[in-house]
Amino acid sequence: MIKVITYGTFDLFHEGHYRLLQRAKALGDYLIVGVTTEAYDKARGKLNVIDPLVTRIENVRKTGFADEIIIEESQGQKFSDIKKYGIHIFTVGSDWRGSFDYLHDYCKVVYLERTKNISSTMLRERNSRIQRIGMIGTGRIADRFVPEAKLVSGVSVQGVYNPHTESAIRFADKWQIDAYADKEEFFSAVDVVYIAAPHETHYDYIKTSLEHGKHVLCEKPMVLQKAQAEELFRYAKERGLILFEGIKTAYCPGFSKLLGIACSGMIGSIRNVEACFTKLEKKESRELTDPVYGGSFLELGSYVVLPVLKLFGKDYQDIRFDTIRGEKGLDIFTKTSFCYPAGIATVTCGLGVKSEGRLLVSGTKGYMVAEAPWWKTTYFEVHYEDDKRVEKYSETFLGDGLRYEISDFLFMINGKSDTEFKLTRSESVALAEIMECFMQREKRMNEN
Ligand code: C2G
């Protein structure tokens with residue numbers, strides 16, 4: 001008798017799960033299915049699992065494919081289960097290809113092709129809340145997005161659109177999703193859109209996505225003009241859709257904790273904010289060669305301005321930019337200074353000059369400091385006049401951190417709008433206004 005084993009969360013049970021179990025059963029005579037516990041999913045960084053364990057087990061049982069159902073509680077259990085149950089074949093979806101090759105020494109490992117399309121009919125029948133994500137753009141951030149989305153229950157990356165068909169196909173093959181060159185086909189296959197295309201294309205893509213009735217998660221900077229941001233938010237609201245700017249720092253738990261403490265009065269009244277983020281890029285990179293949309297402020301400005309807007313608000317009295325330019329005249333290092341009625345802020349970002357990445361918040365009773373990479377906040381300290389008194393705070397930051405914004409985006413779509421405070425619409429509008437102000441200044445500089 002050939003014994004097969006497979007594992008999964010099987011949350012919001014769908015067609016992909018069903019087809020996987022069906023083919024797993026067909027590989028042998030006896031199928032054991034391991035269903036993950038909440039604690040194990042939490043430990044492996046999976047967010048947002050909705051169905052309780054009993055429901056997930058029941059859904060697996062109802063398929064009739066499992067001869068035995070066990071629970072998966074910890075890392076390393078697969079190895080011991082294989083020995084314990086005398087397993088011949090371990091199988092899992094091809095989205096895990098390569099991850100379980102280490103089990104080859106103990107049994108055969110089979111990666112079954114992941115189901116690319118979860119049909120709307122099945123979702124309707126099951127009244128499921130799974131949101132099928134369509135991606136626009138295939139750059140570096142898009143590559144990070146797919147594995148992060150896999151760790152958020154309730155979403156499934158369905159396909160990718162890129163007007164450059166070859167890029168779309170290459171990306172889709174890599175992540176086993178569908179490639180679309182036709183926009184209408186793309187929009188009819190997805191429920192929500194994630195935009196990771198070049199900055200200057202965001203406005204049009206957001207608008208078209210909203211016109212097609214899709215919620216939108218757009219990479220920062222969402223748009224580069226205040227009026228565009230206002231128009232798009234207004235349009236989304238009129239149509240009952242969510243438009244959400246993805247600045248991962250805003251949604252990560254460590255940054256929320258830092259803001260909570262800063263605003264609690266522990267360090268008194270906040271009077272000064274300093275933030276710096278530099279990331280050296282190759283001279284020939286798009287970021288350092290695109291004359292209009294390249295440069296450090298457009299690339300990294302959203303991160304460093306974020307804590308200023310969160311702590312001092314949007315009503316600055318004055319803003320000033322000082323820039324160091326590279327050979328092509330492009331901004332390789334920019335310092336932005338803000339004056340507020342009750343405080344000052346200085347934020348720095350650079351693609352061609354390296355500096356100490358740090359977030360410092362100074363108050364009338366003490367200060368807080370988070371070292372690089374503070375934009376993926378995991379640790380910060382609170383200091384006081386008495387230098388022996390130091391309070392230390394830590395928080396987890398899982399993977400590339402995009403899973404937090406995806407999870408919050410999903411909450412908002414599902415009507416739990418309590419996450420809007422992490423990055424409000426008016427803060428996104430203010431960010432667009434600051435980008436616009438910077439670009440106008442660059443234009444003036446180039447004209448002179
Ligand atoms: N799956 C699939 N097609 C989809 C979605 C999922 O074939 N569109 C497969 C997955 O590859 C996995 C199984 O269905 O084999 C269960 O998927 P999940 O519930 O998402 O569980 P997962 O996080 O993949 O856990 O120890 C746990 C395992 O490593 C897999």
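Atoms within a ligand are numbered from 1 in the order they appear, just like the ligands themselves. The first residue of the sequence shown is numbered 1, and numbering continues consecutively from there.
- Heavy-atom contacts from other residues, nucleotides or ligands closer than 6.0 Å to CD of Glu68 number more than 12.
- Looking only at heavy atoms of the protein, atom 12 (C) of ligand 1 is closest to Gly93 N, 4.0 Å.
- In terms of protein heavy-atom proximity, atom 9 (C) of ligand 1 is nearest to Leu20 CG, 3.8 Å.
- Ligand-side atoms of ligand 1 in range of Glu72: 26 (O), 27 (C), range being under 4.0 angstrom from any heavy atom.
- Closest to atom 11 (O) of ligand 1 among all protein heavy atoms lies Asp95 OD1, 2.6 Å.
- Checking Tyr203 against Glu231 by side-chain atom types alone, a donor-acceptor pair falls below 3.5 Å.
- The part of Arg44 lying near ligand 1 is the side chain, judged by heavy-atom distances below 4.0 Å.
- The part of Lys46 lying near ligand 1 is the side chain, judged by heavy-atom distances below 4.0 Å.
- For ligand 1, the atoms lying closer than 4.0 Å to a non-hydrogen atom of His17 are 14 (O), 16 (C), 17 (O), 18 (P), 19 (O).
- Which of Thr115, Leu112, Thr91 comes nearest to atom 3 (N) of ligand 1 through a heavy atom is settled by distance: it is Thr115.
- What sits closest to atom 24 (O) of ligand 1 on the protein, heavy atoms only, is Trp96 NE1, 2.7 Å.
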Asp101/Tyr111 under side chain to side chain donor-acceptor pair (under 3.5 Å): CA gap, chis, key distance, verdict = CA-CA 10 Å; Asp101 289 357; Tyr111 296 104; 2.7 Å; yes
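- Less than 4.0 angstrom separates some heavy atom of Gly16 from each of these atoms of ligand 1: 2 (C), 3 (N), 4 (C), 7 (O).
- For Phe100 and Phe90, the distance between ring centers is under 6.0 angstrom.
- Of the N or O atoms in Thr6, none lie within a sub-3.5 Å distance of an N or O in ligand 1.
- In terms of N/O distances under 3.5 Å, ligand 1 is approached by Lys78.
- Taking the centre of each ring, Tyr404 and Tyr251 stay at or above the 6.0 Å mark.
- Checking Phe13, Phe10, Tyr7 against atom 28 (C) of ligand 1, the nearest heavy atom belongs to Tyr7.
- At least one cation-pi condition fails for Lys214 and Phe187: the charged atom is not both under 6.0 angstrom from the six-membered ring centre and inside a 45 degree cone around its axis.
- Ligand 1 places these atoms under 4.0 Å from at least one heavy atom of Val92: 15 (O).
- Applying salt bridge (Lys or Arg N to Asp or Glu O under 4.0 Å) to Glu38 and the options Arg44, Lys46, Arg56 leaves one that passes, Arg56.
- Counting non-hydrogen atoms of neighbouring residues, nucleotides and ligands closer than 6.0 angstrom, the NZ atom of Lys108 reaches no more than 12 such neighbours.
- One finds a salt bridge joining Lys279 and Glu281 here, because a Lys/Arg side-chain nitrogen approaches an Asp/Glu carboxylate oxygen to under 4.0 Å.
- Heavy-atom separations between His14 and ligand 1 include at least one value shorter than 4.0 Å.
- Polar contact check, Thr9 against ligand 1: a nitrogen or oxygen pair lies under 3.5 Å apart.
- Aromatic rings of Phe438 and Phe297 (six-membered ring for Trp) have centroids within the 6.0 Å cut-off, being under it.
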